[in-house]
Amino acid sequence: MSFPLLTLTAAVPAAGAVVTAAVPAGRRTAAKWLALAFSLATLALAAVQLVRFDPDAKGPFQLTESHAWIADFGVRYELGVDGIAVVLIALAALLIPFIMLAGWHDADPHESGSSRWRPTQGFFALILMVEAMVVIAFEATDVFLFYIFFEAMLIPMYFLIGGFGDRAGERSEGEAAAQRSYAAVKFLLYNLVGGLIMLAAVIGLYAVTADQLGSGTFSLAEIVQARAAGKLDMATTTERALFLGFFFAFAVKAPLWPLHTWLPNAMGEATAPVAVLITAVVDKVGTFAMLRFCLQLFPEASKWATPVIIVLSLVSILYGALLAVGQRDIKRLVAYASISHFGFIVLGIFAMTGQGQSGATLYMVNHGISTAALMLVAGFLISRRGSRLIADYGGVQKVAPVLAGTFLVGGLATLSLPGLAPFVSEFLVLVGTFSRYPVAGGVATLGIVLAALYVLVLYQRTMTGPVKEEVRGMPDLKARELAVVAPLIALLLVLGVYPKPVTEILDPAVRHTMSQVHRADPKPDVNDVEAAK
């Protein structure tokens, strides 16, 4: 049996969570360094995955592991990674250390401004537990195994939002606690309802395989192979119903309009590092699962639902951008911007073109990096002033030029400025959409214009103009904060001019997904080509 690299990559942060939580209460600093060490060990294992992964290898999954688990019900402990999964695992493992460094003092009573004791050990242990569950969700090729961790990650996220939320603003402890609790419960209920609907679809999938294959299975590889061999032929109505059950849960997690309303509350009330954990790491599981499970398990239903999903994606793009323009709260602005960006990702997935899906998968990576850069710098800004309101700032670039400069780069990446990483992915999504759905591609470009508006207005109102008295003594970024932001900015620049190392890993997985849904890129119209000549 080969070395269980995938299991170890998920087990290390899980073990780190247990060990960190067990550190005595008076050893907060030791707990922080211990958690950071476990996150760096996970990053090293994710790097080993990347090195061992061969983009040119045959077969959909590599580094596979398969063991009997609940044999009577066809449940197996099956893991495997394709190009998309291995890159997203690397993204999650890369961001977690930065999230920890950015939130180094977020759970310290003397730093947080809270009158009650908040266990530092618990804060860092919960982050590691989320990382472990996200990693195994990316690795799982058994549908039931995926479902367990897809749902289980809600528990630590609930406590991170409700128990370690933001205290910025002129609110009493009671008011802040009530709003954190509301945001945490809303996050949990939305995602739990989506998960329960998915559970019904998972059971339905098992019943279909048991009826047609003689024994039920949750193995993605077995189901796909059985469909390709003609041994599994779902009725049209059944396939569509099962697809909707899966897609609903993933659309909530993504989040896609109109199932998005939990995100602004969650990101607004969470600390900035936890907000990054939500949108840059956890939410990627939803869009990833659309590619891995919706398109591969239910190819015909995916094509049937495509027109409606494209409309929902366009609404997400424009709705999120428009609400971002009108926001007065910095963190809620970033949340609505993320809703718009997730609309681009879902649009690229369901455009059903090679360029669109390559752009969507690359967008997952680039959005994670750009949102982390912008939100973490915003968190540093908010922690200095103690307010999330845009109107409470002005002239920051004169007193904290490095903070303002990094904030600007993060914002420009968010609006997909050429030369920064998100531009490449957004361009591919739009080109891929134009080639099959030109009207949808044209409508989606409006999101770019609105993104420029909300980012530049945000920068103008917070960083330029006269220096407000409340920010006059604001310190610039410290060494720890620079250690968080500088690598993210460097990645945005490198991937903006040279994304090839990432796309070479992603593209074979995209081609495999396209083959599963029996879609080929549309050919150029001969008449249009002649007219162009």
Side-chain angles (χ1 to χ4, degrees), residues 99 126-127 130 133-134 137 147 149-166 175-199 244-290 309 312-313 315-324 326-346 364 367-368 371 375 378-379 388:
I99 288 171
L126 288 170
I127 292 175
V130 171
M133 293 179 177
V134 167
Y147 171 77
F149 290 96
F150 180 79
E151 286 292 272
M153 69 180 70
L154 301 179
I155 299 171
M157 285 306 310
Y158 169 82
F159 288 109
L160 283 170
I161 297 168
F164 299 92
D166 194 4
E175 291 173 336
Q179 291 181 27
R180 289 197 302 267
S181 177
Y182 172 78
V185 170
K186 189 173 184 179
F187 161 83
L188 184 64
L189 288 179
Y190 267 69
N191 285 274
L192 189 60
V193 169
L196 291 175
I197 292 174
M198 180 184 169
L199 178 60
L244 290 175
F246 277 74
F247 181 79
F248 184 86
F250 303 152
V252 172
K253 184 83 77 179
L256 186 68
W257 183 92
L259 306 171
H260 67 285
T261 59
W262 63 268
L263 183 66
N265 295 99
M267 289 185 66
E269 294 305 320
T271 62
V274 173
V276 171
L277 184 65
I278 295 170
T279 191
V281 178
V282 173
D283 287 354
K284 297 299 186 297
V285 177
T287 48
F288 163 80
M290 291 179 189
I309 295 173
L312 295 179
S313 302
V315 174
S316 288
I317 292 169
L318 299 181
Y319 173 87
L322 284 170
L323 264 66
Q327 286 303 306
R328 297 180 298 172
D329 183 310
I330 297 174
K331 291 167 70 177
R332 289 178 70 91
L333 185 151
V334 179
Y336 280 110
S338 288
I339 292 170
S340 181
H341 296 150
F342 274 103
F344 276 107
I345 294 172
V346 177
M364 294 184 212
H367 171 262
T371 299
M375 179 59 88
R388 297 171 359 206

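This chain uses plain numbering: 1 for the first residue, then up along the sequence.
- Contacts of Tyr147 classified as side-chain hydrogen bond (donor to acceptor under 3.5 Å, both in side chains), with partners at least two apart in sequence or in another chain: none.
- In terms of heavy atoms, Arg332 sits closest to Gly268 at CG-CA, 4.4 Å.
- For Phe150, the ring-ring contact (aromatic ring centres under 6.0 Å, His included) test picks out Phe146, Phe250, with sequence neighbours left out.
- Every residue two or more places apart in sequence or in another chain that forms a side chain to side chain contact (heavy atoms under 4.5 Å, CB included) with Ala275 is listed here: Met267, Met375.
- With sequence neighbours excluded, the residues that form a side-chain hydrogen bond (donor to acceptor under 3.5 Å, both in side chains) with Thr261 are Tyr190.
- In this view, Ser340 satisfies the side-chain hydrogen bond (donor to acceptor under 3.5 Å, both in side chains) rule with no residue, not counting sequence neighbours.
- Side chain of Trp262 to backbone of Val252: a donor-acceptor contact under 3.5 angstrom is found.
- Between the CG atom of Leu160 and the CZ atom of Phe187 there is a distance of 9.0 Å, given to the nearest 0.5 Å.
- At least one side-chain heavy atom of Ile278 sits less than 4.5 Å from a side-chain heavy atom of Ile161.
- A search for side-chain hydrogen bond (donor to acceptor under 3.5 Å, both in side chains) contacts involving Thr371 returns His367, not counting sequence neighbours.
- Contact annotation: the side chain of Pro255 approaches that of Phe342 to within less than 4.5 Å [non-hydrogen atoms, C-beta and beyond].
- Every salt bridge (Lys or Arg N to Asp or Glu O under 4.0 Å) that Lys331 has, sequence neighbours left out, goes to Asp166.
- Between Val346 and Leu312, the closest side-chain pair of non-hydrogen atoms is not below 4.5 Å.
- With sequence neighbours excluded, the residues that form a side chain to side chain contact (heavy atoms under 4.5 Å, CB included) with Ile197 are Val193, Phe248.
- Residues Val285 and Met153 meet the side-chain proximity criterion, which asks for heavy atoms closer than 4.5 Å.
- The ring-ring contact (aromatic ring centres under 6.0 Å, His included) check on Tyr336 picks up nothing, with sequence neighbours excluded.
- Between Val134 and Lys284 the shortest side-chain heavy-atom distance does not fall below 4.5 Å.
- In this structure, Glu269 pairs ionically with Arg388, as a charged nitrogen and a carboxylate oxygen lie closer than 4.0 Å.
- For Leu188, the side chain to side chain contact (heavy atoms under 4.5 Å, CB included) test picks out Leu154, Tyr158, with sequence neighbours left out.
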